[in-house]
Amino acid sequence: MNPLSEIRARFSTTLSGMVDDPENLLSMIRPAGDSKFGDYQANCAMPLGKQLSRSPRDIATEICESVQLDDLCQKIEIAGPGFINLTIDDDWLKTGLTAALGDERLGVTRVTEPKTFVIDYSSPNVAKPMHVGHVRSTFIGDAISKVLRFVGHTAISDNHLGDWGTQFGMIIYGYKHFLNEAAYQKEPVAELGRLYKYVRKLMDYHAAVKRLPELETSQEELNSKQTELESTNVQGDKKAEKQLKKQLRQLKAKIGDQAEAVLALKAKIAEVDSDSGLAEDASAHPNINQNAQLETAALHEGDATNQGLWEEFLPLCRQDMQKIYDRLDIKFDYELGESFYHSELAKVVSDLTDKGYTKESDGAICVFLDNHNAPMIIQKRDGAYLYSTTDLATIKYRMEKWNADACLYVVDHRQSEHFEKLFDVARLWGFDEVELAHVAFGTVMGPDGKPYKTRSGDTVGLSGLLDEAESRALEIATNQNPDLTEDRHLEIANVIGIGGLKYADLSHNRGSDYEFNYEKMLALRGNTATYLQYSFARVQGILRRTEADVASIRTNPGEFIFENEVERQLGLKLIRFGEALDEVLVEYKPNVLCNYLFELSQLFAQFFDKCSVKDASSEDLKKSRLQLCDLTARTIRGGLELLGIGVLDKM
RNA sequence: GCACCCGUGGCUCAAUUGGAUAGAGCAUCGGUCUUCGGAACCGAGGGUUGGAGGUUCGAAUCCUCCCGGGUGUGCCA
């Protein structure tokens, strides 16, 4: 049991005697904001004072007299308007540490009421190369799944692959018209990838040719509007002047954006025009955009040829994708893609219609919701279904198959409105017991503060990203430790390269955008994976150097001794591993665990500096310090493991 | 137009969801140490949390308005 839950349990008894619902008050017990106030603080006396119209300090006194804390806290103080400051008792702490030492779970107790979570993450489109945008979903989802499992929940990870979408129409079209048979025999996935990109280029070309004149016209309009605004005379009227300025500024920004868009379109056109083969195919396939769509439609309608091709392509594409997951060491319990649900979609619509929740509008079948202007469309005018339909079928399946208590969707924050609607419709449909949560995350930004793109404006491919991270890591590993063998260098590069990438992502609050930066990601200092991995390796160094018998330390521990203040701080931090994990799950935020591990490593560095193990003044003290070392190493390793990050004994 | 999100030292980010003097890491400057792994430790400077009001014992956090930025917005996923 971690100190926080223990304190809350003790307070619970007292507070339930004072109010009906103590839950809210209990959440006001938390780690002290400043260590000079002690280890924990209870802030519940202030609101309680207000509620009961009494002096908060009196209430605080009353609470302190009633709560049973003798063994748990060595100091209890009331401060300021009514803060209750608590300092954990050293003996209690030492007992906890001793227990953690002999426990594989480091003293972290399992939840008393395990739940079943379905976590939907990663979800790339197969047959399209994975890119930097898939990184966050994959890492965050994986970390949350692991933490859920560790604390005792059932976590079912499900990779909801996009394996039924328009990209297959494109590939099928490409296969039928542009296939290089020899290349396909030799390296099928590479050839399919080429076909996808090839068709994409041709489609983009035609779309650009069509769009360009419209854009140029609108550009002219904007320009003339700018001239008009610039010549408007509003002198004397300050308010109008200000408004005009604002309008002009916004207009200029829009013109800039459009100019960029025009350039991008022109580039796409030029790319095709400058290549005689592409140009020829472009003019030979003027209706490629519509025809590719028709191939998709044919696939969905069960056309034998297309169905056969899809069945041929899919395993190849999935195999290819698996390579990336293997490099990242990410595994899923299930990979039920969109195709898995396609036979259920008609039933979703008919069922919702039978229950009277749908309405036809402009030929489409919709569910209208009170708190949204636009309805959720579940069947298009042409009869085709949408991803909202698939998502509904998926919820139904997950409830029937796994009876989930919660479904978490680790998806980019731009889809928040979609999920609001989806969850509303699901509840309307009858799935109102399950917790449905959109675990949203921000965008990965480039150094220019805009979404991370290559210089040519394309999204950044994931496999290239991993290559770059590992090759930079290799350079660092080689420079830092030239004596090691090349194999060792490669192993280190893999662990710190991939680990650095994951940690850079996970250590940011998932809700915020963050800037992608190789240097910072792999920096040897600061809040990075390398710093934590280095701390771990240093502990291993101590254990090696002192020839410590770790097994016997765990089974036959000696007393913990806090000779130096930092030893106590380190011990307290160690015992709070479980608190950090609980906190991660409150809002599904892995960065809480990152912060915890970083702070732990910083405390260890101080301990390392001040408290020599090798030259400890007595055997008892040396043993106590070895115990702290062992716990530190196991906590860092265990914590990083939950984040999907590895460690090395030597690096 | 409407809806949602964001704005925190020079830079990159935290802040346990309303708690005490807003914390880290880079960078800058200074210091420790003949290292149980220097990929270390200690210290200093640097902030009106975009601005103005309001709510209360207490606000980066909640409310209103303004400024600036982003995202989404009826048949893509």
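Note on naming: letters A, B, ... go to the chains in the order of the sequence lines (proteins, then strands), and numbering restarts at 1 for each one.
Proximity of A/Gln167 to the phosphate of B/A77: no side-chain N or O atom is located under 4.0 Å from OP1 or OP2. When the side-chain nitrogen and oxygen atoms of A/Lys589 are compared with OP1 and OP2 of B/U16, none of them lie within a distance under 4.0 Å. Within the 4.0 Å cut-off from OP1 or OP2 of B/A14, not a single side-chain nitrogen or oxygen of A/Tyr514 is found. One finds a side-chain N or O of A/Arg525 lying less than 4.0 angstrom from the OP1 or OP2 phosphate oxygen of B/A40.
For A/Cys366 and A/Pro47, each mapped to the nucleotide of RNA chain B holding its nearest heavy atom, the one lying further toward the 5' end belongs to A/Pro47.
For A/His508, the side-chain atoms get nearest to B/U12 when compared with the rest of B/G37, B/U12, B/U56.
Between the C1' atom of B/G18 and the CG atom of A/Asn24 lies a distance of 11 Å, rounded to the nearest Å.
Remark: ring of A/Tyr534 not stacked against base of B/G37; the cut-offs of centroid gap under 5.5 Å and plane tilt under 30° are not jointly satisfied. An aromatic stacking contact between A/Phe598 and the base of B/A24 is absent, as defined here by ring centres under 5.5 Å apart and ring planes under 30° from parallel.
In a base pair of the Watson-Crick type (N1 to N3 plus N6-O4 or O6-N4) or a G-U wobble (N1-O2 and O6-N3), with each distance short of 3.5 Å, B/U61 is matched with no nucleotide. For B/C75, there is no paired nucleotide, since no Watson-Crick or G-U wobble pair has both relevant distances below 3.5 Å.
The base of B/U73 is not paired with the side chain of A/Lys421 by any donor and acceptor separated by under 3.5 Å.
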